[in-house]
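All values reported here derive from a predicted model rather than from experimental measurement. Counting begins at 1 with the first residue of the sequence.
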Amino acid sequence: MRLIRYQLGDSHPRLGVTMGEGVYDVTEVDESFADISSLLRRRAPVEESIGRLREAVAKQRPVFDVQTLVASGHGRVGDQAVRLLKPIDHQEVWAAGVTYKRSEEARMAESQGAAAFYAKVYESDRPELFLKATPHRAVGAYEEIGIRADSSWNVPEPELGVVLTERLEVLGYTVGNDMSSRSIEGENPLYLPQAKVYTRCLSVGPWITLVDEVPEPHSLGIALRILRAGALVFAGSISTSQMHRRVEELVAYLGRANSFPHGVVLLTGTGIVPDDDFTLQADDVVEIEIERIGLLTNRVCTVGVE
């Protein structure tokens with residue numbers, strides 16, 4: 001079962017649940033299902049919330065077929081347009097760095113005289129955690145993701161995203177693309193916020209797969225494909241079993257001296273890094289697929305000025 005945000009016609013964003021191939025509207029079941037924030041603020045345990053969603057779906061007919069959206073993110077239901085939206089509304093998105101050996105190696109290689117810092121992070125008790133995006137800087141499936149105009153080396157970072165309630169319980173999982181300006185970060189580690197946080201710096205989606213559908217988040221296959229003018233120019237894969245840290249460890253550190261009144265999404269790091277001679281270009285298409293979660297597709301655009 002998956003949570004999906006969508007817009008039907010000119011209506012406000014709506015919250016739906018997919019069961020099989022159908023999308024069922026749960027926006028008006030009660031006020032706690034009005035939107036993602038309301039659901040993540042629910043005081044009941046996650047298991048009760050999921051059970052309540054299943055009960056609501058059992059009493060309804062589907063609004064439309066999910067295939068209406070999965071090919072391009074938009075379609076029609078009768079005489080109304082329907083559009084897939086990113087599966088967050090008021091949630092911050094945080095990210096963990098250097099959680100895979102490949103990420104440690106890549107960041108040591110790109111840095112100029114600061115390689116030792118990344119080795120220390122990989123082996124230390126405390127993980128690297130940083131604010132990746134506020135909601136307005138993030139996009140959803142089929143929207144354009146950005147590369148900075150003032151960066152000469154840009155790559156996508158495919159990551160498992162953990163969707164957490166206000167109490168930091170795992171509600172579900174999504175696919176994340178943590179865009180990275182490697183030339184900026186490599187120049188100086190203190191430039192990390194500029195390398196990571198900017199307009200269209202993140203894509204998440206296409207939906208949230210609920211936690212009971214993913215019993216083991218540490219054994220999921222992740223695949224990255226990059227297309228340029230229709231041709232495959234990069235492909236890579238990894239398993240979350242190669243994560244150096246477990247989800248519960250990252251969540252525990254995220255919650256230290258911090259609060260998230262609308263819930264939060266935590267990206268768990270990347271283990272797929274293109275070769276150093278590769279950089280994204282405008283109009284490239286990035287596809288990230290995570291087993292049991294879904295496929296996230298975005299076209300690349302350039303943002304900002306040099």
Side-chain angles (χ1 to χ4, degrees), residues 40 86-88 90-108 110-111 114-138 155-182 184-186 188-198 201-204 208 211 217-218 220 222 238 240-273 288 290 293:
L40 295 178
K86 61 191 176 191
I88 60 173
H90 301 292
Q91 292 71 47
E92 295 175 348
V93 179
W94 285 65
V98 200
T99 57
Y100 291 80
K101 188 65 177 178
R102 179 69 181 98
S103 178
E104 179 205 18
E105 294 169 349
R107 291 177 73 180
M108 289 176 67
E110 80 184 9
S111 65
F117 288 107
Y118 298 113
K120 287 182 177 180
V121 167
Y122 188 76
E123 298 295 342
S124 70
D125 290 335
R126 183 184 295 273
E128 177 192 17
L129 296 172
F130 57 91
L131 177 63
K132 170 60 187 180
T134 49
H136 84 274
R137 293 183 173 90
V155 297
E157 296 188 0
E159 306 192 20
L160 174 68
V162 185
V163 182
L164 300 161
T165 69
E166 179 186 5
R167 300 183 308 284
L168 297 183
E169 293 182 281
V170 179
L171 178 73
Y173 302 92
T174 191
V175 183
N177 182 356
D178 169 14
M179 298 289 283
S180 184
S181 305
R182 293 188 66 187
I184 294 175
E185 182 184 358
N188 189 319
L190 295 181
Y191 294 163
L192 177 69
Q194 296 175 76
K196 291 289 192 178
V197 186
Y198 56 89
C201 65
L202 168 74
S203 177
V204 287
I208 299 168
V211 64
H218 301 100
L220 302 174
I222 303 178
I238 200 167
T240 56
S241 63
Q242 296 187 45
M243 283 178 60
H244 181 57
R245 303 178 189 270
R246 293 186 65 83
V247 167
E248 53 267 30
E249 175 189 356
L250 296 173
V251 172
Y253 271 95
L254 179 66
R256 290 190 176 191
N258 221 332
S259 62
F260 304 94
H262 297 284
V264 63
V265 177
L266 175 62
L267 305 181
T268 54
T270 189
I272 306 174
V273 182
I288 299 172
I290 301 183
I293 311 298

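When all heavy atoms of Ile288 and Ile222 are compared, the closest pair comes out as CG2-CG2, 4.5 Å. Considering all non-hydrogen atoms of both residues, Leu164 and Leu266 come closest at CD1-CB, 4.3 Å. His218 approaches Val247 most closely through the heavy-atom pair NE2-N, 3.0 Å. A pairwise comparison of heavy atoms in Gly176 and Leu267 identifies CA-CD2, 4.1 Å as the closest pair. Nearest heavy-atom pair across Phe130 and Glu128 is CD2-OE2, 3.9 Å. Scanning both residues, Ala95 and Asp178, for their nearest heavy atoms gives CB-OD2, 4.3 Å.
Interatomic distance, OG of Ser181 versus OH of Tyr198, reported as 4.0 Å (0.5 Å rounding). Atom CG of Leu202 and atom CD of Glu159 lie 9.0 Å apart (nearest 0.5 Å). Put simply, OG1 on Thr165 and CZ on Phe260 are 11.5 Å apart, with the number rounded to the nearest 0.5 Å. Between the CD atom of Gln242 and the OG1 atom of Thr99 there is a distance of 11.0 Å, given to the nearest 0.5 Å.
Looking at His244 and Tyr100, their side chains never come closer than 4.5 Å, going by heavy atoms from C-beta outward. The shortest distance between side-chain heavy atoms of Val175 and Val204 does not fall below 4.5 Å.
Distance alone, capped at 3.5 Å, places no donor-acceptor pair between the Thr134 side chain and the Glu92 backbone. A donor-acceptor pair under 3.5 Å links the side-chain atoms of Lys132 to the main chain of Cys201, judged by distance alone. Between the side chain of His90 and the backbone N or O of Gly263 there is no donor-acceptor pair closer than 3.5 Å. The main-chain N or O of Pro158 is found under 3.5 Å from a side-chain atom of Thr270 such that the two form a donor-acceptor pair. Distance alone, capped at 3.5 Å, is enough to place a donor-acceptor pair between the Thr240 side chain and the Leu220 backbone. Under a 3.5 Å cut-off, the side chain of Gln91 and the backbone N or O of His262 do form a donor-acceptor pair.
None of Thr268, Leu160, Val265, Val163 except one satisfies the side-chain contact (heavy atoms from CB on, under 4.5 Å) rule with Tyr173; the exception is Leu160.
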Task: Test log, rule side-chain contact (heavy atoms from CB on, under 4.5 Å), inputs Met179 and Val155 - done: CA-CA 6 Å; Met179 298 289 283; Val155 297; over 6 Å; no

TODO: List the steps and the verdict of salt bridge (charged side-chain N to carboxylate O under 4.0 Å, His left out) for Glu157 and Lys196.
DONE: CA-CA 11 Å; Glu157 296 188 0; Lys196 291 289 192 178; 3.1 Å; yes

